[in-house]
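Below is one structure, written out as C-alpha cells; the observations come after it.
Each ligand, and each atom within it, is numbered from 1 in the order the structure gives. Sequence positions, counted from 1, serve as the residue numbers for this chain.
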Amino acid sequence: MMKKIFITRELAGNAETFLSQKGFKVNVFQKDRAIKKSELLKEAADADALITLLTDKIDRKIIDSLPKCKIIANCAVGYNNIDVEYAKSKKIVVTNTPEILTDATADLTVALILACARRLGEGEKMMREGRFKSWKPQLLLGIELTGKTVGIIGAGRIGFAAAKRLKPFGTKIIYFDRNRREKFENELGAKKVTLNSLLKKADIISIHLPLSKETHHLLDKTNLKLMNRNAVLVNTSRGEIIDEKFLISLLQKKKIFAAGFDVYEGEPNINPDLIKLKNVFLLPHIGSATYEARSGMAMLCAKNVASVLSGKKPVTPV
Ligand code: GLV
C-alpha cells in the first residue's frame, strides 16, 4: 500500500514531485486559500504524513483525527500553530524548517528597517498619487543608521543574521536573550542587556523570537513605553509577541519614530487603526518569501516526511 501524504496548500519548488518519485501518494489541498478545520479533518484523516503551514492550527482535535499519521512537517521555522507536546504524546514527529530561511528573513528585516527609517512607504505612496510636485529640503526626512544602536530581541540564527547585516552600516549591536550568545559577542562585539535596558538604549529594535507562552506579549504596556522618541521597531517573527494595540497607541501619539510589521496579532486580519498610520510600514508576512527559501523549505519538509515514513530519523525535528 502506498503511503499517503497530505499537503494543506500548494508549495513552492519541487517537493511534491520528489515525494511522488519516492513512491508516495501525494494529495494537495487544491483551493488557493487556507484550509478550514472541517476540511482538514476530512482530507487528512487517512494520511500517513502531513505537510502543514503556519496558517493551519493543528490542535488536539486534529491530532486525534489522524490515527495513521507518523509526522507533521510544518513548512515554517515557527511551530506555534501545532500542539507539539500532544503530537509527541501520540508518537507523531513534528518537524520545522530552520536555517533555510534565515538569510531571506534577515534580508527582509533590513529592508523593513530601512523602509521605516527612510519613510519609503510614504514616498512610494506620494509618487503613485502624483503628489511629488517639487524637491524640497525638508521632504520626508528620515533617520540614518550610521552611529545608531541596534537592539536584537531574540539572538538566535535569524537575529544573528540580521545583526550581521546591520553592523556594516556602522551600528552598535546590543541583544536580549535568555542565553548568552558568544557569536554575538565575539563576531559582532555585541553586549547582552536586559529587555528594559535594550528598549531604552536602542534606536533600532528588531524582534526574532519564537512565539510561546513565555514570549506572548513580551513587549507590553510596561516596557514598550521605554522606547525613545526616535526609535524604529520592526517585527518579522510573530505578531502576538507585541501588545499591538498598545504599540498602535504609541505610534498614534508619535512616541516612537516608526514601526515595521511583517506579522500581526490575529493575522491575516489587521487592526484598522494600523492602516491609518503614516509612521508604519506594512508587509503581508513575507519574511521567508524568496524562491530560494520557499522551495528549500518545501524540500526540507519533503525530506523530513520521506525519512520518517521510511523508518529513519527526521532531519529537523522540533
Ligand atoms: C515564518 O513565519 C516561519 O515561521 O517560517
Side-chain angles (χ1 to χ4, degrees), residues 7-13 15 33-35 50-59 71-84 87 93-113 115 152-162 165 177 205-219 233-242 244 259-270 274 281-305 314-318:
I7 307 179
T8 61
R9 199 161 182 172
E10 195 181 331
L11 300 170
R33 60 164 169 78
I35 192 168
L50 237 61
I51 297 182
T52 55
L53 308 176
L54 57 88
T55 44
D56 306 321
K57 192 164 169 45
I58 310 297
D59 58 13
I71 168 170
I72 300 169
N74 208 38
C75 197
V77 66
Y79 46 86
N80 53 287
N81 57 310
I82 302 178
D83 189 336
V84 176
V93 173
V94 179
T95 61
N96 68 339
T97 60
E99 288 176 30
I100 196 100
L101 45 56
T102 298
D103 288 327
T105 311
D107 286 353
L108 194 88
T109 302
V110 177
L112 254 187
I113 289 170
I152 301 284
I153 300 179
R157 282 179 291 253
I158 300 173
F160 179 77
R165 283 160 171 73
D177 199 278
I205 299 159
S206 188
I207 305 173
H208 301 283
L209 287 167
L211 176 63
S212 66
K213 278 196 197 91
E214 291 73 42
T215 62
H216 184 270
H217 281 199
L218 181 74
L219 298 182
L233 171 68
V234 303
N235 189 8
T236 52
S237 57
R238 287 292 181 270
E240 291 78 4
I241 290 171
I242 306 180
E244 193 178 272
F261 296 74
D262 188 40
V263 290
Y264 306 84
E265 269 202 274
E267 67 182 54
N269 299 324
I270 176 158
L274 207 46
F281 194 88
L282 308 174
L283 292 174
H285 201 153
I286 53 168
S288 65
T290 62
Y291 291 105
E292 295 90 339
R294 287 283 165 84
S295 55
M297 289 160 72
M299 192 54 87
L300 184 51
C301 289
K303 288 187 174 156
N304 273 308
V305 165
V315 193
T316 49
V318 306

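- Applying the side-chain contact (heavy atoms from CB on, under 4.5 Å) criterion to P314, with sequence neighbours excluded, gives V93, T95, N304, V308, P317.
- Protein residues having a heavy atom under 4.0 Å from any atom of ligand 1 are L54, A76, V77, G78, L101, R238, H285, listed by chain and number.
- Annotation: side-chain contact (heavy atoms from CB on, under 4.5 Å) contacts of D83 (sequence neighbours excluded): R60, I63, E85, Y86.
- For E292, the salt bridge (Lys or Arg N to Asp or Glu O under 4.0 Å) criterion is met by no residue, not counting sequence neighbours.
- In terms of modelled atom types and a separation under 3.5 Å, the side chain of S288 and the main chain of L101 share no donor-acceptor contact.
- Checking side-chain atoms of D177 against main-chain N and O of A155 turns up a donor-acceptor pair under 3.5 Å.
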key: Worked verdict on R238 versus D262 for salt bridge (charged side-chain N to carboxylate O under 4.0 Å, His left out)   = CA-CA 8 Å; R238 287 292 181 270; D262 188 40; over 6 Å; no

